[in-house]
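Fair warning: this is a prediction, and the values are worked out from it, not measured in the lab.
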Amino acid sequence: MPAHIFTGTSVRCTTLPTFTIVLLIFVIWGLQYGNDHLPQAHLAEIRQALASSYRLEGEITLLPLLVMLGMSMKRYAAEVSMTCSILLAVLIAVVYQGRDGADVINALWLNVPGNTGIASVDELLGRGGLYSMAWTLLLSIMALALGGILHRAGFLQELLMRLITPIRRTGTLIAATIASGLAGNLVMGEAYISIILSCQVFKPVFQEKNLDLSVLSRSVEEGSTLTTGLIPWTTAGIFYAATLGVPVLDYAPYALLNVLNPVISISMAVLGIGLLQSKSR
């Protein structure tokens with residue numbers, strides 16, 4: 001079986017049950033708010049306000065998003081995909097929307113609130129350009145620098161080596177791998193460094209127990225990738241909070257997939273479920 005298919009099978013062992021549970025929770029939860037919706041009059045007011053300031057007819061305004069999606073699916077570099085999408089959006093703003101070229105370029109750097117007459121819409125349209133992201137970018141760079149220092153100095157490697165030495169049971173190994181990813185995010189503030197560190201430290205232990213490395217990949221994913229957005233000072237947490245305008249600790253309780261997946265993975269490992277064996281022996 002190809003390696004990427006085997007890895008996908010491993011991930012589905014824990015992700016599908018978690019996704020099903022979370023879906024049921026949100027369906028039941030959402031039914032309680034079925035009658036709470038925006039009045040049609042308010043929605044019509046928003047549409048009219050947007051239509052008075054922008055040309056919204058046709059699918060041309062969706063082209064930048066479609067270009068980004070298409071190039072991402074074709075696996076172009078993120079920088080290339082984003083640049084092409086931005087350039088197309090600028091072209092549409094100037095040619096189709098009739099905006100002044102200088103104003104459009106300035107909006108990329110420092111946007112200004114809209115003038116639709118509806119405060120919430122104006123605030124959304126004027127979230128800001130690159131300048132408004134400066135603090136987020138600075139914090140991300142600081143987190144990367146700190147993570148790199150801790151990684152190269154070997155502090156966490158030494159700590160984790162002491163942690164895995166007494167491990168005997170497979171369930172404990174899975175729990176320790178997930179916990180190390182979370183600890184790496186808490187200390188270094190960057191999931192990528194945490195992922196590299198956990199893979200380097202735990203790979204020999206997984207091989208010793210004849211576990212397929214796709215299980216290691218899955219465990220690192222659940223410990224590092226899924227938890228990074230739940231920590232306010234990680235690069236992901238900083239980006240999500242700045243983009244959504246919602247503090248990390250406010251949305252974290254609702255990120256049920258991120259919270260439950262590690263718990264379910266550890267529970268399944270203790271029960272001996274989803275522990276794929278290596279085919280190399």
Side-chain angles (χ1 to χ4, degrees), residues 1-29 156-157 159-231 234 236-237 240 248-249 251-280:
M1 181 181 294
H4 69 280
I5 296 179
F6 207 55
T7 302
T9 302
S10 177
V11 172
R12 286 193 292 271
C13 289
T14 57
T15 303
L16 284 181
T18 308
F19 183 84
T20 303
I21 293 172
V22 171
L23 178 61
L24 290 174
I25 292 174
F26 277 124
V27 168
I28 296 172
W29 204 348
L156 287 180
Q157 288 94 323
L159 178 62
L160 291 176
M161 290 304 298
R162 293 180 180 273
L163 174 66
I164 66 176
T165 300
I167 292 178
R168 296 292 181 267
R169 298 181 178 179
T170 303
T172 306
L173 174 61
I174 299 298
T177 306
I178 293 175
S180 73
L182 174 60
N185 286 338
L186 288 170
V187 174
M188 296 184 291
E190 173 51 53
Y192 292 115
I193 302 177
S194 177
I195 290 170
I196 294 172
L197 177 61
S198 296
C199 289
Q200 290 176 343
V201 172
F202 285 94
K203 181 179 178 180
V205 186
F206 275 76
Q207 291 175 327
E208 179 183 342
K209 291 186 175 295
N210 198 35
L211 289 172
D212 191 84
L213 292 182
S214 64
V215 181
L216 170 61
S217 175
R218 180 187 75 199
S219 303
V220 171
E221 173 91 7
E222 292 163 342
S224 299
T225 307
L226 290 181
T227 63
T228 183
L230 306 178
I231 303 171
T234 61
Y240 295 161
V248 173
L249 297 182
Y251 71 69
Y254 302 96
L256 297 181
L257 183 68
N258 304 59
V259 174
L260 294 180
N261 206 343
V263 177
I264 292 177
S265 179
I266 294 173
S267 302
M268 293 178 65
V270 171
L271 296 174
I273 303 173
L275 300 176
L276 304 179
Q277 298 298 305
S278 175
K279 301 295 184 181
S280 60

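Rounding to the nearest 0.5 Å gives a distance of 11.0 Å between OG of S219 and CG of L213. Atom OG1 of T14 is separated from atom CZ of R218 by 5.0 Å, given to the nearest 0.5 angstrom. Between E222 atom CD and L260 atom CG the span is 11.5 Å, to the nearest 0.5 Å. In this structure, OH in Y192 is found 8.0 Å from OG1 in T225, a value given to the nearest 0.5 Å. With rounding to the nearest 0.5 Å, the separation of CG in N258 from OG1 in T18 is 10.5 Å. Here the straight-line distance linking atom CZ of F206 with atom CG of D212 works out to 10.5 Å at 0.5 Å rounding.
The shortest side-chain heavy-atom distance between I264 and I21 falls under the 4.5 Å cut-off. Annotation: side chain of L230 is not in contact with side chain of N185 (no heavy-atom distance under 4.5 Å). In this structure the side chain of I231 reaches within 4.5 angstrom of the side chain of L186, judged on heavy atoms. You'll find the side chain of T177 reaches within 4.5 Å of the side chain of V220, heavy atoms only. Considering only heavy atoms from C-beta on, L211 comes within 4.5 Å of L173 through its side chain.
Contact record, K209 with R168: NZ-O, 2.7 Å, taken as the closest heavy-atom pair. A pairwise comparison of heavy atoms in L216 and C199 identifies CD2-O, 4.2 Å as the closest pair. In plain terms, the two heavy atoms of G229 and V248 that are nearest each other are O-CG1, 3.5 Å. Counting all heavy atoms, side chain and backbone alike, F202 lies closest to A176 at CZ-O, 3.7 Å. Annotation for I178 and S265: closest pair CD1-OG, 3.9 Å, computed over non-hydrogen atoms.
Environment of OH in Y251: crowded, with over 12 heavy atoms of neighbouring residues, nucleotides or ligands closer than 6.0 Å.
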| query | What do the steps show when you test N261 against V22 for side chain to side chain contact (heavy atoms under 4.5 Å, CB included), and what is the final call? | reply | CA-CA 10 Å; N261 206 343; V22 171; over 6 Å; no
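Remark: Y254 engages W29 in a ring pair (Phe, Tyr, Trp, His ring centres under 6.0 Å) (not counting sequence neighbours).
For the residue pair S194/S224, the side-chain donor-acceptor check at 3.5 Å is satisfied.
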